[in-house]
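Position 1 is the first residue of the sequence, and the numbers go up from there.
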Amino acid sequence: MPLAPQRADVPVTIDESKCIDGCTLCVDMCPLDSLAIHEESGKAYMHVDECWYCGPCAARCPTGAVTVDMPYLLR
């Protein structure tokens, strides 16, 4: 089953056009292990819907591919 290009209902989104194949920096930084690398594409994606909105995944991404969509009430 193919993955959707981008899910809008998860707190962390990855821009696949900016994501470096095989880079695991965002995955390594996530304290909840919410991110993973897709086996076929080599791109990061959020494989569970849990997030602490802590932000190291986005801060560590060298290309800016990771975006944390923090809810308004937490800003």
For Asp33, check salt bridge (charged side-chain N to carboxylate O under 4.0 Å, His left out) against everything at least two apart and list the hits.
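Partners of Asp33 by the salt bridge (charged side-chain N to carboxylate O under 4.0 Å, His left out) criterion come out as none, since no residue qualifies.
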CA sep, side-chain torsions, deciding dist, call: Asp15, Thr67, side-chain contact (heavy atoms from CB on, under 4.5 Å)
CA-CA 8 Å; Asp15 183 344; Thr67 304; over 6 Å; no
Please determine whether residues Ile14 and Val68 belong to a single hydrophobic cluster, defined as Ile, Leu, Val, Met, Phe, Trp and Tyr linked transitively by side-chain heavy-atom distances below 4.5 Å.
yes
Hydrophobic clustering (ILVMFWY, side-chain heavy atoms < 4.5 Å, transitive) - are Val27 and Met29 grouped together?
no
How would you list, by chain and number, every residue that makes a side-chain contact (heavy atoms from CB on, under 4.5 Å) with Ala36, sequence neighbours excluded?
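Ala36: side-chain contact (heavy atoms from CB on, under 4.5 Å) contacts with Tyr45, His47.
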side-chain contact (heavy atoms from CB on, under 4.5 Å) partners of Thr63, counting only residues at least two apart:
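In terms of side-chain contact (heavy atoms from CB on, under 4.5 Å), with neighbours along the sequence ignored, Thr63 is linked to Lys18, Ile20, Cys61, Ala65.
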Where Val66 and Cys26 come nearest, the two heavy atoms and their spacing:
CG2-CB, 4.0 Å
For the residue pair Asp21 and Ser41, what are the closest heavy atoms and their distance?
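Shortest heavy-atom separation between Asp21 and Ser41 comes out as OD1-O, 3.5 Å.
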Would you give the length of the straight line joining atom [atom1] of [X] to atom [atom2] of [Y], rounded to the nearest 0.5 angstrom?
| X | Y | atom1 | atom2 | answer |
| --- | --- | --- | --- | --- |
| Met46 | Cys30 | CE | SG | 7.0 Å |
| Thr13 | Asp69 | OG1 | CG | 4.5 Å |
| Lys43 | Ser17 | NZ | OG | 7.5 Å |

Under 3.5 Å, side chain of Ser34 to main-chain N/O of Glu50, donor-acceptor pair present?
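Confirmed, Ser34 side chain pairs with Glu50 backbone.
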With the side chain counted from C-beta on, respond yes when Leu32 and Val48 share a heavy-atom pair under 4.5 Å apart, and no when they do not.
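Answer no - side chains too far apart.
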Are the side chains of Tyr53 and Pro71 in touch, meaning some heavy atoms are under 4.5 Å apart?
yes
Would you check, one step at a time, whether the test side-chain contact (heavy atoms from CB on, under 4.5 Å) holds for Leu35 with Cys57?
CA-CA 9 Å; Leu35 301 173; Cys57 57; 3.8 Å; yes
